[in-house]
**Student:** 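Supplied in structure tokens, the structure appears directly below.
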Amino acid sequence: MQKTEAKAAIEIGAETKVKAEAEAGARIEAQIAAAISRELGVSRPQVESVVRLLDEGNTIPFLARYRKEQTGGLDEEVLRAIEQRVEYLRNLGDRRAEVIRLIDEQGALTPEIARALEAASTLQRVEDIYRPFRPKRRTRASMAREPGLEPLAAWLMSQPAAGDPLQQAAGFADPDKGVDTADQALAGARDIVAEIVADDPEVRAFVRQWTTRNGMIVSEAVDPAARTPYEQYYKYSEPVARIRPHRVLAINRGEREKAIRVKIEAPAEQALEYLQRWLARGGGARPAGSAGVTAAGRADAGPAASPADSELALAAADAYARLLAPAVERDVRNALTEQADAQAIRVFGANMKSLLLTPPIRGRVVMGVDPAYRTGCKIAVVDATGKLLEVAVVYPTPPQRRVEEAERALLAMIDRHGVDLIAIGNGTASREAEAFIAGLIPKSARSQCLAYAIVSEAGASVYSASVTAREEFPELDVSERSAVSIARRLQDPLAELVKIEPKAIGVGQYQHDVAEKELASALSGVVESAVNCVGVDLNTASAALLSYVAGLSKAVSSNIVKKRDADGPFADRTALRAVPRLGPKTFEQCAGFLRVPNSPNPLDNTPIHPESYPIAQR
């Protein structure tokens, strides 16, 4: 009987714990929704609906197009912003809980610290609060604590009304503990005070804000006589608050390449005054507002003078120069870099989307020309569907200048395949190749219907050496694959460019300097948005293109292509359900973005989702 009652009690306790955790989780999610609603100016019910749909595994393109009634018609940009903020705020909540646990394990968690952590709205603020409790390497302050100098530091910070600091310190001098004199004891106590000052979250926040508002970013040449691309930054300064993102990235690169030295200079007087006032009011122990800092940065009147003030002033100066200023300089430069990265990624994304959505030229046979000097121009002809027909190499450019031979070869290929357009890559020897093609066209029997265009070949070399290219054209060499890519880019830029790693396309500023993970994530979203905006022909799309369709992973995209190759073209959208690993949820997400032009059901070639077919038919 007792065992049964004990078991029941355990079960009740477990249920209570689960219920409490669920209620806490719901409360946190409600707080997150409220915060995002305020930040983005979107109603809270909309935010809650979007978060719920995302948690159910729905994709952004699917929500933007097929769940407008549940999201309130929010566009992709707002939906992605909500997704990013939800991820950040959940990470913030997890880190906050972890910090509370770590401080509590040290027996140092107070209601004030808990409230400060609950109020923290950024990861940086949480880390600032945790800093005094974080396990540290051996520091000057920790070495001063070992011989027992902490009480002396506490005495100094207590702002004693009387007493000589040197006489007070004499009682802590102990050669056996490595403290030979009273001066050494005072120096150790000042080290402890300096670390307390530098670790305080309010102090760090003030100095960081002060430096951001009033600091100057200054650069100078490592070698003034050296000629580098960074000469404009050899003797340069600009306010931190006004520096443009592209200049931040340029300065960072110059520093990384050891062409310039960079630092942030900020007026220290008012920062030091703040630190001294902070110490004078008890090291932040008094309630905020009892002795604060005005908007101009000057502290109001604090307690009366103390004999410890001179020692505290030395400790404050040391805290600023040795601990705070270098750390805050890193923080400020990291913040500048993050902002510059975000701006560069936005520019890259906008340029990338414009390029991907360049109108295609369908139904034309295209000759691709990858120009070069010594190795000759690589030629590839593709039919109206992008299928490779023929490749060749000709040498009309210097140093060979075998113009007549090249003309005969290309004129024969143009006649043989009925070429309509010639796509010339814009890389090395592009001008010479263009002059050659311009002189060739009038000599062709198809001159009345033949034209040429210059095509960006950015990323073509990356594609030609990729696994995707090797799988598509195992029999071709790298340069011949580039010519195929150039030809196809004129036919369908979207379908061809998705095969290339986005950052290799080179339509952004400093794309090799920005945070790689953030850039890849943002550009992947841009490509996904472009692909799903246009839609994809299920029976002609490559696995690379299909992998950007909402809900389709690379593995499922590969399975679609394999099934298509094995069983022939898909007859309609419902045939997708037979693809391995393509379940009901995946079908729901992707079906509306896949087109089947020859399906018996004409709706299969429209953006109308299969779930809405009955409505459309009625």
Side-chain angles (χ1 to χ4, degrees), residues 348 352 355-356 358 360-361 364-383 385-397 406 409-410 413 417 419 421-434 436-437 452-508 511-512 516 520 523-524 527 531 540-548 554 557-558 561:
F348 201 141
M352 183 80 179
L355 183 62
L356 291 172
T358 301
I361 301 176
R364 305 288 186 91
V365 178
V366 178
M367 172 181 286
V369 180
D370 182 11
Y373 288 116
R374 182 180 55 81
T375 56
C377 297
K378 273 64 68 178
I379 311 297
V381 179
V382 297
D383 70 10
T385 65
K387 179 183 177 183
L388 179 62
L389 299 176
E390 186 177 352
V391 294
V393 181
V394 295
Y395 300 88
T397 55
L410 295 196
M413 292 174 71
H417 302 295
V419 173
L421 287 169
I422 301 175
I424 306 169
N426 67 344
T428 304
S430 176
R431 293 188 179 215
E432 291 82 353
E434 180 184 6
F436 166 71
I437 294 296
Y452 76 88
I454 304 297
V455 177
S456 170
E457 62 179 51
S461 59
V462 175
Y463 160 76
S464 61
S466 68
V467 174
T468 302
R470 288 199 298 272
E471 290 175 350
E472 276 193 288
F473 306 109
E475 73 285 357
L476 301 184
D477 68 23
V478 171
S479 57
E480 290 170 334
R481 293 173 192 154
S482 293
V484 177
S485 178
I486 289 168
R488 287 177 168 180
R489 287 183 190 201
L490 194 58
Q491 288 182 318
D492 192 345
L494 178 61
E496 194 61 26
L497 291 172
V498 295
K499 300 175 184 177
I500 304 168
E501 187 180 7
K503 71 176 184 179
I505 295 175
V507 291
Q511 63 258 27
H512 298 293
E516 189 167 343
L523 294 185
S524 178
V527 177
V531 169
T540 61
S542 65
L545 181 57
L546 287 168
S547 68
Y548 284 104
K554 290 184 177 180
S557 301
S558 180
V561 173

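We use all heavy atoms of the structure for the numbers below, so side chains are in, but hydrogens, waters and symmetry mates are not.
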**Student:** Output the distance between atom CD1 (I422) and atom CG (L490), rounded to the nearest 0.5 Å.
**Tutor:** 11.0 Å
**Student:** At what distance, to the nearest 0.5 angstrom, does CG of L389 lie from CE of M367?
**Tutor:** 10.0 Å
**Student:** What are the two closest non-hydrogen atoms of S456 and N426, and how far apart are they?
**Tutor:** CA-OD1, 3.5 Å
**Student:** For residues L410 and M413, determine if any side-chain heavy atom of one lies less than 4.5 Å from a side-chain heavy atom of the other.
**Tutor:** yes
**Student:** How about V394 and I379: do any of their side-chain heavy atoms sit closer than 4.5 Å?
**Tutor:** yes
**Student:** Does any part of the side chain of V369, heavy atoms only, come nearer than 4.5 Å to the side chain of I486, both counted from C-beta?
**Tutor:** no
**Student:** Are the side chain of D370 and the backbone N or O of E480 linked by a donor-acceptor pair below 3.5 Å?
**Tutor:** no
**Student:** Less than 4.5 Å apart, any side-chain heavy atom of C377 and any of T397?
**Tutor:** yes
**Student:** So, do K378 and V391 sit near enough that their side-chain heavy atoms are less than 4.5 Å apart?
**Tutor:** no
**Student:** Measuring only between side-chain heavy atoms, which start at C-beta, is R489 closer than 4.5 Å to I500?
**Tutor:** yes
**Student:** Check G425 against S430 and note the closest heavy-atom contact, atom names and distance.
**Tutor:** O-OG, 3.0 Å
**Student:** Provide the closest heavy-atom pair for F436 versus A406 in the form atom of the first, atom of the second, distance.
**Tutor:** CZ-CB, 3.6 Å
**Student:** Evaluate the side chain to side chain contact (heavy atoms under 4.5 Å, CB included) criterion for residues L388 and L476: first the C-alpha distance (whole Å), next the side-chain angles of each, then the deciding distance (0.1 Å), finally the verdict.
**Tutor:** CA-CA 11 Å; L388 179 62; L476 301 184; 3.5 Å; yes
**Student:** Looking only at heavy atoms, what is the nearest atom pair of S547 and K554, with distance?
**Tutor:** CB-CG, 4.0 Å
**Student:** Please report the shortest heavy-atom distance between G386 and Q491, naming the atom on each side.
**Tutor:** CA-OE1, 3.4 Å
**Student:** Please report the C-alpha distance between T385 and T540 in whole Å, then the side-chain angles of each, then the deciding distance to 0.1 Å, and finally whether the side chain to side chain contact (heavy atoms under 4.5 Å, CB included) criterion is met.
**Tutor:** CA-CA 8 Å; T385 65; T540 61; over 6 Å; no
**Student:** Give me the atom names and distance for the closest heavy-atom approach of H417 to V365.
**Tutor:** O-CG1, 3.8 Å
**Student:** Tell me if a side-chain donor or acceptor on E471 pairs with a main-chain N or O of T468 at a distance below 3.5 Å.
**Tutor:** no
**Student:** Quick one: does E434's side chain get under 4.5 Å of I454's, heavy atoms only?
**Tutor:** yes
**Student:** Donor-acceptor pair, distance only, cut-off 3.5 Å: does the side chain of S464 make one with the backbone of S479?
**Tutor:** no
**Student:** For the pair S466 (side chain) and Y463 (backbone), establish whether a donor and an acceptor sit closer than 3.5 Å, ignoring hydrogens and angles.
**Tutor:** yes
**Student:** Does CD belonging to E390 count more than 12 external heavy atoms closer than 6.0 Å?
**Tutor:** yes
**Student:** Kindly indicate whether the side chain of S542, heavy atoms from C-beta on, has any atom under 4.5 Å from the side chain of K499.
**Tutor:** yes
**Student:** Any sub-3.5 Å donor-acceptor pair from R488's side-chain atoms to P493's backbone N or O?
**Tutor:** no
